There are 2 protein chains.
Amino acid sequence: METLETRELRYFVAVAEELHFGRAAERVGVAQPPLSRAIQQLERRLGVTLLERDRRGVSLTAAGEVLLHEGRAALDAATAAVRRTRRAAGGADGRGGPGGPDGSRERLVLAVKAGAFHELLQRLLDAYAAEPGAAEIEVLPSGTCEQEAMLRDGRADVALMHKPFNSLAGFDSEELTTEGQIAILPAGHPLAARETLTLADIAGIPGLPLARWPRNGVFPPGPGPEVDDQTQLAQLIALGRTAAVFPETARAWLWAEHAAVPLTDAPPVVTHIAWPAHSRSLALAALVRTATRLAPPAAA
Amino acid sequence: METLETRELRYFVAVAEELHFGRAAERVGVAQPPLSRAIQQLERRLGVTLLERDRRGVSLTAAGEVLLHEGRAALDAATAAVRRTRRAAGGADGRGGPGGPDGSRERLVLAVKAGAFHELLQRLLDAYAAEPGAAEIEVLPSGTCEQEAMLRDGRADVALMHKPFNSLAGFDSEELTTEGQIAILPAGHPLAARETLTLADIAGIPGLPLARWPRNGVFPPGPGPEVDDQTQLAQLIALGRTAAVFPETARAWLWAEHAAVPLTDAPPVVTHIAWPAHSRSLALAALVRTATRLAPPAAA
DNA sequence: ACCCTGTGATACCCGCCGGGTATCACAGCC
DNA sequence: GGCTGTGATACCCGGCGGGTATCACAGGGT
């Protein structure tokens, strides 16, 4: 079984994503003719038609679609391999048998959604630092729902994730906490005076459309303003231009001009600690243990 | 970020597994000097010492250990990509938009532990075949606990797994059934007359050591005979030379010379249907739906 | 009808790098 | 001290990945 080189996968993924040889060539940093040839060779070697070249434009075949998904996963795994290897050697200089206490502190990269988890994160870091032989934790703020990609490609070793928003598929995880959701409104808005709200209450309010976040780089369609980070969002809410729905612990970053009202029918948000399934790090295991001890799911 | 070529990963994994350049070179099909050079280049490019060359023998550094694990995962992902791409094109000739009903039947490879699941499997295949638009299911018998590797490297698309024995880490899965375990003994053995047994009862019987299976290619230490498949095991039991512990449904393949006695304190065995986390196949989703409908976990 | 534009494919050349053989350097070991 | 077996080094060569120039062809403007 011949196995594809990552170069070939990079090339194909670029073409499959751009659906344009010229742009793809520029992206991977080669000229267009070699790219064309590489894809042709790849198709010959696989014995599979991956692209439908319909003069003026390229489209993926079903097999091409499969290779796009699988190839992305393989490339992530490859870059994860080099990242994690470098990191393993970084602090520990590469010597000393695995698991042996050689005095060097392991390092773990923890990905968290920027702006969330203020208190839970603080308690976790404090409690873990007190553990004997604790690794050094580097907190890596991630964009919206980007933790999954960070775990996959090795930028992070472990992540805190929010269940309905993040997908835990492909990772090991432990449940930490469950919380309700609140609506965050401009302080002066009529609804801000209510004790509780429902999703229906805030769904179609004229003049107060819910803000939209980019998902996988694109904004979902809708009337609300497009925001990239919480600061933008907070400002727009303070200005009375939009509203948003967040987990309860988002109260931590509320402004004076904000009002928070519990939502009775919003799905609960479950916080998990997640890590790559094949991880073998002892430091990671200790961190997970600390986390579950600190915040047992529900009342376990 | 330069990304390793799969060739380099193959080379390194070979050396890391063999801990011997000569044998590794033979395994990957090149001469030894190019292999040495490739590893040196790899270490230079990563800026990391992966191997400790201590004249007369090679050993892994901590970083090397990491790259071995991560590299295996990446290689599995790469070979899975080509296998699944070829399979996607196999039946469907590569044409027809994804998801479009183009008349060609999708094919799914289902990995099952050889010899297990007689009735559950039969019912599942029958029920699924009756579904409209069902894919063609190819049943792939796997060795002991080999289903995980088969899912990872693309030899299979979906698998039936036994919970305490298989690890579901890294896969999506749904629970199907739970069953107790039974001791399988020679029919004439004194213990075979008992109504129930405990693990302690059969643990240290003189002259009747429990058989040992290879785990990851090596046999765990112990007094029992080493067996590779169920036929060998069945014969040894019938001959009164050994005993074994199995899920209840193993009654299906009992011989006349066998006796089965329930174990009261053995951990229950949970059967799952599992698949790669990033799978997007509609046919697979239908199969999973059929399976959960057919065998709801406990009494859901 | 014309050319211009933009697409991907082809033709051709070149330099580099992966692979081979021959050999070395060194540590055990009879 | 020679023999064996290890990995590293030296050197050469062929193939292949990459570049430039060009082609073939479909639209679309006027």
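Note that the structure is predicted; figures quoted are calculated from it, not measured. Residue numbers start from 1 in every chain, and the chains themselves are labelled A, B, ... in the order their sequence lines are given, proteins ahead of strands.
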Starting at atom CD1 of B/I39, determine the distance to atom P of D/dT9, rounded to an integer number of angstrom.
14 Å

Round to the nearest Å and state the distance from A/L51 atom CG to C/dT7 atom C1'.
14 Å

Which heavy-atom pair separates B/T49 from B/A63 by the least distance, and what is that distance?
O-CB, 4.2 Å

Distance-only side-chain donor-acceptor flag, A/S36 / A/Q32, under 3.5 Å:
yes

Would you indicate whether the side-chain heavy atoms of B/L46 and A/T85 approach each other to under 4.5 Å?
yes

Which residues in residues 12-32 of chain A have a heavy atom closer than 4.0 Å to any atom of DNA chain C?
A/H20, A/F21, A/G22, A/Q32

Provide, to the nearest angstrom, the distance between the CZ atom belonging to B/R44 and the P atom belonging to D/dT9.
10 Å

Within the structure, does a side-chain N or O atom of B/Q40 lie under 4.0 Å from either OP1 or OP2 of D/dG7?
no

For the student: nearest non-hydrogen atoms of B/R45 and B/T3, plus distance
NH2-O, 3.8 Å

Should A/L108 and A/E138 count as side-chain neighbours, where that means a heavy-atom distance under 4.5 Å?
no

I need the single residue from B/H69, B/E70, B/R152 that forms a side chain to side chain donor-acceptor pair (under 3.5 Å) with A/H278. Which is it?
B/E70

Side-chain heavy-atom pair A/L151, A/Q147 within 4.5 angstrom cut-off:
no

What is the bend of the helix from C/dA1-D/dT30 to C/dC30-D/dG1 when you compare the axis at one end with the axis at the other, using five pairs each and rounding to 10°?
10°

Can you check whether A/S36 has a side-chain N or O nearer than 4.0 Å to OP1 or OP2 of C/dA9?
yes

Under 3.5 Å, which protein N or O atoms sit close to an N or O of nucleotides 11-18 of chain C? Give each pair with its distance.
unit_1	atom_1	unit_2	atom_2	d
C/dG18	N7	B/R37	NH2	3.3

Atom-pair distance (CG on A/L50; C1' on C/dG8), nearest Å
16 Å

Consider only side-chain N and O atoms of A/T6 and B/E5, and report whether a donor and an acceptor are under 3.5 Å apart.
yes

Look only at the side chain of B/D153 and the backbone of B/R155, and say whether a donor-acceptor pair between them is shorter than 3.5 Å.
yes

May I have the step-by-step check of side-chain contact (heavy atoms from CB on, under 4.5 Å) for B/L60 and B/E52, ending in yes or no?
CA-CA 6 Å; B/L60 283 173; B/E52 212 61 61; over 6 Å; no

Whole angstrom is fine here: how far is it from CZ in B/R53 over to C1' in D/dT6?
13 Å

Between B/E65 and A/R280, does any side-chain N to carboxylate O distance fall below 4.0 Å?
no

